[in-house]
Each structure stands twice: as structure tokens, then as C-alpha cells.
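In what follows, chains carry the letters A, B, and so on, assigned in the order in which the sequence lines appear, proteins first and then strands, with residues in each chain numbered from 1. Quick note: numbers below take in every heavy atom, side chains included, and nothing from hydrogens, waters or symmetry partners.
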Amino acid sequence: MSKRRFKVLRGLRDLLPEDVEKLKYVISVIREIFKLYGYQEIMTPTIEAFSLFEKKAGEELRHRMYKFIDMGGREVALRPEITPSVARFYINHMLSFQKPIRLGYIANCFRYDEPQYGRYREFWQGGFELIGSSNPEADVEILNIASTLMKRLGFSDYYIKLNHVGIIKGILNSEKVPEIVQNRILGLFDKTRYDEAIQLLKSENVTDECLNIIREVINLKGNNINQIIDSAEQYICKYSLAMEALLNLKEILSLLEKSELKIPILLDLGFARGLEYYTGIIFECFSSKNNRLALGGGGRYDTLIELFGGPPTPAVGYAPGIDRIILALNEEKIEIRTEKHRKTIVIPLSREFVPYAIKIASNLRGFDIPVEVEVMGRDLKKALSYANARNFDYAIIIGSTEVKEEKITLKDLNKGEQYKVSIEEAINMIKTSK
RNA sequence: GCCGCCGUAGCUCAGCCUGGAAGAGCGGCAGGCUGUGGACCUGUAGGUCGCGGGUUCAAAUCCCGCCGGCGGCCCCA
């Protein structure tokens, strides 16, 4: 006992039974949505080629990957997210399938961040990827899924922060700002370091007029959506690529409106995300009561599959952060429905009845009744005390009279009553109780 | 990567300021005479006081470094 003990590594954690119950609950809600929206669940490997993630991960994430050389000399990484794996998966297995393809997943991801509130080095993500459609209804479906999940989890007050990367990228493209610099600028926006971003633009010889436009555009934010779109339109009207993006955003928002989905949107044209593969809408989900953590995020990535060697294929996706959802649910005291079933313990009164106890237990399990056998050789008093502490609902007591009469004593631990009955009667009583 | 607070039994913590023989509650285990649990009683195990170094006759206690936990920045899930 005094030996130096192993501990979990920094930022990683063991999940206790109650933690697993919570995880299972959130996963079950996500899986309901897979089913309702027709997403087929897949699994991909925890480890992939480093280059798969490296390409479009963004500066931030690239440095935070668990990366190593495997025994075959390959440069590999623990997945920091799943979208690139799904893009690869699609190319490897589903090119001949009719579109659209709807794929879902539940997976653990790894990032070498400094651990803190809501941030661990291993965390759980769910995911929805809708592949094959560039139409606004695809974007709307993904936003609707994000919203439905929040609703189904019981968040009473939540919102989705939304933007379209095409707006800023469109302006920068027209100004001939190289893509590497564009990514850096969006990265700075992401960190809300707008001043530095502007400085960087200046050094790229972007005109003052354009800088002013960008300054104005990234300040547009709120839920007065039409007003924001109108203002943006006025600022960027001469940038055709940016206008195209804005119109796309407008179309998506209008479809949201007309289909009466009532999704709370916070439009924020200065909002950016760390991943570099986004080409269209980007968004993050927040609970209003605790908006320091994004509970999920996503966006459109129309060029990623092509970049990985597939045909040009538009796609849009959303990934809820399961651990953070659990944190938020706890904090807001929203009920987490954990599975509860009635438990029965079989207690042999002495060692000679152990075989009979095992037989009875096995018999009951055959009828789908969860049963544990007392295996500590405890006397009845201790065994009942244990059963009580561990919230058993029934105890089945086996002693000489029971064996002789071919019956068992069934004790209802909640009511405190007990009956001497046949096994069939016991099964019936346990099964019909609620 | 940077900053702040913390680190004593399985858990929650007291003791540390003002150095001088490791404590409590909970939990665990064992009893409380024969086959009956739930806020009962008794007993008992369990600690290189995070790790390493320094100061001192003497360090859980003072000083330094490291590690770890929590949180903040940054960023994300």
C-alpha cells in the first residue's frame, strides 16, 4: 500500500461508474438524433496519419496534437477531431454511394492543451456530417440538428453563434491576400485579436478603404439578423466573392426563418474558428446561462474531400462536445436520466447453499432479471446491510428450509416484507413490480 | 506556453501563521451468542503529511526546485 502508485496522466481522467452513466445518457440523446435524422453511425481509428489532420487543422491545433512515430516509422497522431477521418472514410468507402451521405459518430479525441475547466486532453465528441449537398437546406439541417440536440438535452436558453467564412475570405481574395495570410488573419479573429489582424493586413498592402470595410464588418453582431445582413451588404457590395457568401448566408437564414424552426441565432460577422477547412457557414453552440464554453461547433467544408484526393464534394457538419454538455447540464441542474433498474441479490445462508444460490441467480437472469450473488461469505445480517447500502430492491435468501421445500425467501427491501414463494412466483413478482 | 490558488488516511478536511512524538468525520473491515438491512454501539486497519533538496539539535509546519490538482489567459469540445 505504501508503494508509489500510478496515477492518470495530466489532463486525462478515469471515469467512475456515475461518470459513465452521464456519458451514456448524452450519447443516447445524440444517437436518438442520428436515428431521427437518418445519420448512420460509423467508427474510425483513434490513430491516423499525422498529415491527415495537419493539412487543415489550423496553427493552433497543429501544435496541440499527440504526435509520434510508430514502430513502422510512420508519423501518426491521436485524432484531435473527427471530420478529417470522416472525409477520408468517405473517399475510402463511399464514393459509389448515392448522395447525400449522412454519417454520425461518437468518439474520444485528444489534444495536448493545458487542462482547465471544461478542457481535458482526452474528451468525447459526437458528430454529424452531411456529405454531398451544397444547398442551404443542408446547412439548415445541420443547424437544426445542433438546435434540436440542445433542446432535447433540456437547455432552456441557448443560442447558436453563426458566421460565414466566405465573407472575409471573399474580401481578402479580391485583395489578393495569399491564403496562408488569410488563415493567419482568421486565426487572429478567432482569438479576437482584431488589432493584430488589421496590422497584418496593412503589411500586406491592403487598401485603407478595405481595412475600414473589414473593421465595420467584423463589428456586426447581434440577433437583429436582417439589419446586420443589410449593413454588411452595403459595406461589401463591391466585393463579388464576399457578396456571394453573404447571399448564401442570407439564403440559409431565410430558409431557417421560413421553415419556422425557431432556432436562436446570434449572427456575428467577426467570429472565426480555428480549423482551416471551413468554406461556408461556421457556428458554435452555447448555453446562455454558462456561455464561457462552446458546447459544440461546426461548419461547411466544401473543399476538404477534394483536398484529400476525392472528387469535389460539398459537406457540412456539426460536433457536440459531450463532456462539456455534461458539465453544463450539471451546472444548470438539468436532469441527467441515468438508467435505473431493479436489482436483486441472492444470499446463501451458509456455504453449503452456494451452489443452489448460483443456480437460482442464473435462472433469474434467464428471465432478464439483474441478479448478483453474495460472494463474500457474509452472514445474513451483513449481507442485508450490504444490500441496503448498495440499493438492492430484492434479496433472495436461501437456507435449509428453502432448499427442503424447494422454495426461496424473497425479501422486498423497499417495503421490508418477505414471502416464501416458488422460483416461478418470485420471477413473476420481480418482473411485474415497478 | 504563461499566470494564480492548492497538495496531510479510500473520501472531506483540521494541524502549518508562532518548528518539538501524525488527527477527526465519513467510508472499509471485524464483533454485538442461533436465519433478517435501513442515522445503533464497540473494536480495528490504513499515512516516507505530493516528490527532491536546503535551513535547524529538530520540519507536515520555514525556504527553493519539480510534479500533480483546480482555475484564469489563450484557444477550443
Side-chain angles (χ1 to χ4, degrees), chain A residues 1-13 16 26 30 57-65 79-83 106-127 146 149 161 186-193 196 271-275 282-287 292-298 318-328 345 347-350 353 374 376-403 408-418 420:
Chain A
M1 211 55 175
S2 63
K3 287 271 156 31
R4 200 161 286 162
R5 280 181 272 184
F6 288 113
K7 288 194 273 189
V8 290
L9 265 22
R10 183 170 174 79
L12 303 177
R13 61 246 213 264
L16 274 47
V26 175
I30 293 172
E59 215 36 55
E60 188 69 30
L61 205 52
R62 251 192 293 276
H63 295 304
R64 302 208 184 281
M65 269 192 254
R79 56 188 174 202
E81 54 145 346
I82 312 292
T83 303
I106 307 286
N108 53 344
C109 299
F110 302 82
R111 291 182 196 174
Y112 199 83
D113 273 330
E114 275 310 295
Q116 59 171 272
Y117 180 76
R119 189 164 75 191
Y120 312 99
R121 288 179 176 175
E122 180 185 17
F123 58 95
W124 287 83
Q125 267 196 347
L149 179 63
K161 185 156 86 172
L186 288 173
L188 288 170
F189 281 167
D190 188 20
K191 300 177 189 185
T192 61
R193 282 148 65 178
E196 285 173 62
F271 156 61
R273 307 203 72 214
L275 301 167
I282 51 171
F283 64 94
E284 284 174 4
C285 298
F286 294 90
S287 168
R292 56 182 163 153
L293 284 182
L295 302 183
Y318 159 61
I322 298 174
D323 313 89
R324 289 181 170 190
I325 286 170
I326 292 170
L327 265 180
I345 184 166
I347 305 167
L349 282 178
S350 73
F353 306 118
E374 154 56 42
M376 299 302 289
R378 279 190 258 244
D379 62 34
L380 183 57
K381 188 170 182 155
K382 293 278 181 203
L384 284 174
S385 169
Y386 165 82
N388 184 59
R390 297 288 285 267
N391 289 319
F392 279 87
D393 299 284
Y394 293 101
I396 287 173
I397 301 164
I398 311 235
S400 53
T401 56
E402 284 81 3
V403 171
I408 58 163
T409 294
L410 176 68
K411 187 176 175 81
D412 183 324
L413 292 168
N414 300 316
K415 292 185 188 153
E417 297 166 1
Q418 67 183 49
K420 197 178 285 175

- Please measure how far the P atom in B/rC63 lies from the corresponding atom in B/rC6, and state the result in whole Å. 12 Å
- Below 3.5 Å, does any donor atom in the side chain of A/Lys411 face an acceptor in the base of B/rU36, or the other way round? yes
- Query: Under the 3.5 Å rule, do the base of B/rC74 and the side chain of A/Arg119 count as making a donor-acceptor pair?
  - Reply: yes
- So what does A/Ser400 hit on the nucleic acid, given a heavy-atom distance under 4.0 Å: a base, only sugar-phosphate, or nothing? base
- Message: Apply salt bridge (charged side-chain N to carboxylate O under 4.0 Å, His left out) to residues A/Arg64 and A/Glu114 and explain how you reach the verdict.
- Response: CA-CA 10 Å; A/Arg64 302 208 184 281; A/Glu114 275 310 295; over 6 Å; no
- Task: Find the distance A/Asp379:CG to B/rC33:P and express it as a whole number of Å.
- Result: 11 Å
- Do A/Glu402 and B/rG35 have a side chain to base donor-acceptor pair shorter than 3.5 Å? yes
- Message: Please give the distance between the P atoms of B/rG46 and B/rC41 as a whole number of Å.
- Response: 24 Å
- Message: Once you apply a heavy-atom cut-off of 4.0 Å, does A/Leu295 come out as touching a base, just sugar-phosphate, or nothing?
- Response: sugar-phosphate
- Query: A/Lys415 has an atom NZ; how far is it from atom C1' of B/rG37, in whole Å?
  - Reply: 17 Å
- Task: With heavy atoms under 4.0 Å as the rule, sort A/Gln116 into base, sugar-phosphate or nothing.
- Result: base
- Item | For atom CG of A/Leu384 and atom C1' of B/rG32, their distance in whole Å | 17 Å
